[in-house]
Enquirer: 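Dumping the structure here so I can ask a few things about it.
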Amino acid sequence: KMVEMNERLDQELAKSTRVISDLQRDLEIVRREAMTDGLTGLANRKAFDRELNRMIQEAKEKHETFTLLMVDIDHFKSFNDSYGHQVGDQVLRLVGRTLVEGIKGRDFAARYGGEEFGIILPQSNMMAGMAVGNSLRKAIATKDVINRNTSEKLGQITMSVGVAEYILGETAEDMIER
């Protein structure tokens, strides 16, 4: 009876272990989805805020700097109004992909909101941030937007990039505003 009971308990333990493992996997998927922008696949605003605050804390502790890029697609509203939201969504995905392709390593890109994006460049100064911003701006300008339904060329995308190097002691809000 003891052997049978031990076998039954082992089976129940194995089943419980599988259930816990499945729940942990599902929880991780939900966590990832909660921090991801559904349209672009980039980190979302919540993840951006968390990462920016983490970088500020790290900069204070290690006395290192980092640079923040705030990217805005120029004239997006009129583009979206002229060609429709599906084409606007296509533009947002294209910009998101181009931003990811133009950064590396620990750099962090997120959709800040609407047609705005934020990029955090760890251990980078203002000059490096300006170089990355200009590189991204030029990469976007080379892309043509094509209406997938009609194959009509709709034009090029331009974007503005603001760059700020972290100043010890400033808040995330102050840095974004600057």
Side-chain angles (χ1 to χ4, degrees), residues 21-59 66-124 128-164 166 172-173 175-176:
S21 180
D22 290 347
L23 289 171
Q24 286 173 329
R25 186 193 69 240
D26 292 348
L27 181 60
E28 186 53 38
I29 290 168
V30 169
R31 278 188 186 138
R32 202 172 320 118
E33 288 174 353
M35 298 300 232
T36 303
D37 176 63
L39 179 64
T40 63
L42 294 175
N44 64 15
R45 173 67 182 272
K46 183 175 183 175
F48 172 81
D49 290 343
R50 185 177 288 175
E51 182 65 11
L52 182 57
N53 284 314
R54 190 189 70 72
M55 284 302 304
I56 288 172
Q57 190 60 40
E58 188 175 301
F66 70 93
T67 301
L68 172 65
L69 280 61
M70 294 302 293
V71 177
D72 185 66
I73 301 173
D74 297 330
H75 314 292
F76 182 76
K77 183 176 176 354
S78 62
F79 191 89
N80 207 22
D81 290 346
S82 297
Y83 299 109
H85 292 286
Q86 288 183 327
V87 174
D89 288 352
Q90 181 183 336
V91 167
L92 291 170
R93 283 190 292 271
L94 175 65
V95 169
R97 232 182 3 263
T98 305
L99 295 180
V100 168
E101 291 167 358
I103 61 174
K104 60 184 190 268
R106 290 180 49 210
D107 298 348
F108 182 88
R111 184 170 177 202
Y112 188 74
E115 75 279 4
E116 295 177 311
F117 299 83
I119 300 172
I120 300 169
L121 305 174
Q123 299 175 335
S124 297
M130 289 171 57
V132 171
N134 276 324
S135 173
L136 293 171
R137 198 178 48 71
K138 289 175 185 174
I140 287 293
T142 66
K143 310 279 185 189
D144 287 321
V145 179
I146 297 170
N147 185 325
R148 290 182 182 161
N149 296 331
T150 65
S151 299
E152 175 190 2
K153 193 185 243 187
L154 303 179
Q156 293 177 313
I157 306 163
T158 60
M159 62 185 196
S160 302
V161 182
V163 182
Y166 178 68
E173 294 79 18
M175 187 176 192
I176 292 168

Enquirer: Taking all non-hydrogen atoms of both residues, which atom of Asn44 and which atom of Asp37 are closest, and how far apart?
Expert: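 So the two residues come closest at CB-N, 3.8 Å.
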
Enquirer: Can you confirm whether Glu152 sits close enough to Leu154 that some side-chain heavy atom of one is under 4.5 Å from a side-chain heavy atom of the other?
Expert: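 Result yes, sub-4.5 Å side-chain heavy-atom pair found.
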
Enquirer: Please list, chain by chain and in numerical order, all residues satisfying salt bridge (charged side-chain N to carboxylate O under 4.0 Å, His left out) with Asp107, sequence neighbours excluded.
Expert: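 For Asp107 there are no salt bridge (charged side-chain N to carboxylate O under 4.0 Å, His left out) partners, ignoring immediate neighbours.
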
Enquirer: Show, in sequence, the C-alpha distance, side-chain angles and deciding distance for Leu68 and Met55, and conclude whether the side-chain contact (heavy atoms from CB on, under 4.5 Å) test is met.
Expert: CA-CA 10 Å; Leu68 172 65; Met55 284 302 304; over 6 Å; no

Enquirer: Where do Lys143 and Thr98 come nearest, in terms of heavy atoms and distance?
Expert: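 So the two residues come closest at CE-OG1, 3.5 Å.
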
Enquirer: Side chains of Ser160 and Asp74: donor-acceptor distance under 3.5 Å anywhere?
Expert: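 Yes, because at least one side-chain N or O of Ser160 sits under 3.5 Å from a partner of the opposite role on Asp74.
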
Enquirer: Hey, are the side chains of Ile73 and Phe79 touching, using non-hydrogen atoms and a 4.5 Å cut-off?
Expert: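 When only atoms from C-beta onward are counted, Phe79 and Ile73 do not touch, as no gap falls below 4.5 Å.
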
Enquirer: Got a second to check how far Arg97's CZ is from Ile140's CD1, nearest 0.5 Å?
Expert: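 Interatomic distance, Arg97 CZ to Ile140 CD1, rounded to 0.5 Å: 9.5 Å.
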
Enquirer: Starting from the C-alpha separation in whole Å, work towards a yes-or-no answer on side-chain contact (heavy atoms from CB on, under 4.5 Å) for Asn80 and Val91.
Expert: CA-CA 9 Å; Asn80 207 22; Val91 167; over 6 Å; no

Enquirer: Look up atom CG in Asp81 and atom NZ in Lys77, then write down how far apart they are to the nearest 0.5 Å.
Expert: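 If we round to the nearest 0.5 Å, Asp81:CG and Lys77:NZ are 4.0 Å apart.
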
Enquirer: With side-chain contact (heavy atoms from CB on, under 4.5 Å) as the test, would you mind laying out the steps for Tyr112 and Val71 before giving the verdict?
Expert: CA-CA 9 Å; Tyr112 188 74; Val71 177; over 6 Å; no

Enquirer: Which heavy atom of Met70 sits nearest a heavy atom of Ile176, and at what distance?
Expert: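 Heavy atoms of Met70 and Ile176 come nearest at CE-CG2, 4.3 Å.
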
Enquirer: Would Met159 and Leu136 count as a side-chain contact (heavy atoms from CB on, under 4.5 Å) here? Give the steps.
Expert: CA-CA 9 Å; Met159 62 185 196; Leu136 293 171; 3.8 Å; yes

Enquirer: Checking Ser82 side chain against Ser78 main chain: does a donor-acceptor pair fall under 3.5 Å?
Expert: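 Side chain of Ser82 to backbone of Ser78, a donor-acceptor pair under 3.5 Å: yes, one is there.
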
Enquirer: Please report the interatomic distance CZ(Phe76) to OG1(Thr158), rounded to the nearest 0.5 Å.
Expert: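 That separation rounds to 12.5 Å.
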
Enquirer: Hey, can you pull the donor-acceptor pairs under 3.5 Å for the side chains in residues 46-53, sequence neighbours left out?
Expert:
residue: Asp49; atom: OD1; partner: Arg45; partner atom: NE; Å: 3.2
residue: Asp49; atom: OD2; partner: Arg45; partner atom: NE; Å: 3.3
residue: Glu51; atom: OE1; partner: Arg54; partner atom: NE; Å: 3.1
residue: Glu51; atom: OE2; partner: Arg54; partner atom: NH2; Å: 2.8
residue: Asn53; atom: ND2; partner: Asp49; partner atom: O; Å: 3.0

Enquirer: Which value, rounded to the nearest 0.5 Å, describes the distance between Leu92 atom CG and Leu94 atom CG?
Expert: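 The CG atom of Leu94 is 9.5 Å from CG of Leu92, to the nearest 0.5 Å.
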
Enquirer: Say whether, by atom type as modelled, one donor and one acceptor occur between the side chain of Ser124 and the main chain of Pro122 under 3.5 angstrom.
Expert: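 Yes, because the side chain of Ser124 sits within donor-acceptor range (under 3.5 Å) of the backbone of Pro122.
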
Enquirer: Any chance CD of Glu101 has more than 12 other-residue heavy atoms, nucleotides or ligands included, within less than 6.0 Å?
Expert: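 Enclosed: over 12 neighbouring heavy atoms sit under 6.0 Å from CD of Glu101.
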
Enquirer: When rounded to the nearest 0.5 angstrom, what is the spacing between CG in Asp144 and NZ in Lys153?
Expert: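 If we round to the nearest 0.5 Å, Asp144:CG and Lys153:NZ are 4.0 Å apart.
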
Enquirer: So which of Leu99, Thr67, Leu121, Val161 actually passes side chain to side chain contact (heavy atoms under 4.5 Å, CB included) with Val132?
Expert: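 It is Leu121, the one option of Leu99, Thr67, Leu121, Val161 that forms the side chain to side chain contact (heavy atoms under 4.5 Å, CB included) with Val132.
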
